[in-house]
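The structure appears right after this line, and notes come after that.
Remember, it's 1-based here, ligands and their atoms both numbered in the order they're listed. When a residue number appears, it is its place in the shown sequence, counting from 1. Note that the structure is predicted; figures quoted are calculated from it, not measured.
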Amino acid sequence: MTTNEYYINRCINIAKNGLGSTRPNPTVGAIIVHNNKIIGEGFTSNYGGNHAEVNAINSVVNKALLKESTIYVTLEPCSHYGKTPPCSDLIIKTEIPNVVIGCIDDNEHVSGKGIAKLKDAGCQVTVGVLEKECKNHHKRFFTFHNKKRPYIILKWAETENGFLSPEKKDEQKPVWITTPYSRQLVHKWRTEEQAILIGTNTALDDNPSLTVRDWTGNNPIRIVIDRNEKLPKTLSIFNNQAESITITSKNIDFNKPIAKQICELLFEKQINSVIIEGGAKTLQTFINENLWDEARVFKGNINFINGTKAPQLSGTIISEEKISTDTLKIYTND
Ligand SMILES: NC(=O)C1=CN([C@@H]2O[C@H](COP(=O)(O)OP(=O)(O)OC[C@H]3O[C@@H](n4cnc5c(N)ncnc54)[C@H](OP(=O)(O)O)[C@@H]3O)[C@@H](O)[C@H]2O)C=CC1
Ligand SMILES: Nc1c(N[C@@H]2O[C@H](COP(=O)(O)O)[C@@H](O)[C@H]2O)[nH]c(=O)[nH]c1=O
Ligand SMILES: [Zn+2]
């Protein structure tokens with residue numbers, strides 16, 4: 001790893017602290033280095049707050065050192081007035097001479113303009129350090145801007161013999177296939193996404209609340225498919241712990257492919273990521289319409305004799321790990 005890569009990698013790690021609280025804005029990480037020493041760090045504040053560069057610059061105790069420093073940042077510094085003034089202007093004003101950038105911001109308001117501004121002011125700018133890793137870190141933001149839809153994560157838990165739920169259930173709650181450790185990880189994931197979506201049968205059969213209880217962070221917006229508006233408002237998904245949106249035949253046409261229409265609806269609502277937690281029909285609908293980016297599939301070590309079969313998916317496995325007695329495989333769609 002080169003020195004530049006080492007520092008950009010640090011920016012990515014710092015940025016992860018802001019995942020889920022800056023939405024729909026990207027969660028950027030920035031550090032300031034003077035003579036091979038990190039003198040400032042920052043990540044994007046909650047939506048509407050400071051950008052990462054501002055937080056990093058503010059955190060430097062001896063501001064006189066800025067004139068001899070390098071600022072590292074995962075995404076091109078902004079050049080436009082949004083909720084805050086342009087970061088490229090601040091870098092120029094504070095006279096930081098060197099700027100190292102992970103990837104270009106292809107949002108039409110920025111798209112190279114931040115870099116041009118910095119260069120025009122005489123800054124030494126290096127672009128594309130750990131570009132792939134930075135683009136991956138900003139995957140929600142890039143998918144939203146380039147594909148005009150949210151980043152879509154499919155998630156389910158299946159038994160060793162491939163079932164999501166048993167044929168018969170006595171109670172209106174989930175039958176747990178995975179261990180509490182995996183469930184805690186799922187709650188962490190919920191904090192990282194702007195929305196969570198389930199199908200009608202899951203809402204009725206499991207009565208899930210879809211909130212974050214085993215981790216600290218924001219609850220996602222809960223979205224449920226309810227073609228005929230038959231779901232009782234007493235279900236936990238409609239409680240006041242988080243926002244809920246219902247997708248009915250009033251806002252989409254159920255005679256046409258629905259995943260595409262749901263994506264359009266979420267794009268209109270500025271939702272840049274969604275985790276789809278089932279059931280089988282809903283997950284398979286998004287797979288069949290090829291509207292998914294990542295699938296996180298748990299296999300627990302129990303079996304059901306019969307029941308709802310797990311979805312069928314083909315993708316590339318990018319990681320496989322053991323979580324207690326569960327196996328978690330992550331697929332990407334490429
Ligand atoms: N192990 C796990 O990870 C999970 C397990 N589950 C289990 O899965 C079971 C539910 O799965 P499943 O029955 O497949 O149900 P879903 O939750 O996917 O709901 C499917 C229903 O949604 C409505 N819908 C209408 N159009 C569509 C469409 N095009 N695509 C999808 N849904 C549409 C339909 O209801 P209508 O006909 O009324 O309009 C349909 O029957 C439950 O028993 C639950 O316990 C659920 C989530 C995760
Ligand atoms: N059964 C099962 C899962 N079920 C999923 O979790 C939802 C329950 O959410 P909540 O009410 O917030 O706890 C449920 O409706 C379904 O989407 N998830 C898993 O990781 N492992 C499991 O074994
Ligand atoms: Zn900015």
Atom indices of ligand 1 within 4.0 angstrom of A157 heavy atoms, with elements
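Matching atoms, with element in brackets: 1 (N), 2 (C), 3 (O).
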
Could you find the nearest protein heavy atom to [atom] and give me its residue, atom name and distance?
atom                    : value
atom 34 (C) of ligand 1 : T200 OG1, 4.2 Å
atom 6 (N) of ligand 1  : D206 OD2, 4.0 Å
atom 37 (O) of ligand 1 : R227 NH2, 3.9 Å
atom 28 (C) of ligand 1 : I258 CD1, 3.3 Å
atom 5 (C) of ligand 1  : L164 O, 3.6 Å
atom 13 (O) of ligand 1 : N201 ND2, 2.9 Å
atom 32 (N) of ligand 1 : K281 CG, 3.8 Å

Is the closest heavy-atom distance from E158 to ligand 1 below 4.0 Å?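 The answer is no: ligand 1 sits nowhere under 4.0 Å from a heavy atom of E158.
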
- Message: Looking at ligand 1, would K230 count as a contact under a 4.0 Å heavy-atom criterion?
- Response: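 For ligand 1, residue contact (heavy atoms, under 4.0 Å) with K230 is present.
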
task = May I ask you to identify, for V175, whether its side chain, its backbone, both or neither come under 4.0 Å of ligand 2 on a heavy-atom basis?
result =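 Backbone only.
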
Quick one: CD1 on I276 to CG on L154, what's the gap to the nearest 0.5 Å?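 It comes to 5.5 Å.
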
Subject >> Heavy atom of K173, distance to ligand 2 below 4.0 Å >> reply: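 No.
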
Minimum-distance N/O/S atom that H51 presents toward the Zn ion (ligand 3):
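Relative to the Zn ion (ligand 3), the closest nitrogen, oxygen or sulfur of H51 carries the name ND1.
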
Original post:
Should you measure from each heavy atom of A157, which atoms of ligand 2 turn up under 4.0 Å away?
Top reply: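 In order of number, 19 (C), 21 (N), 22 (C), 23 (O).
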
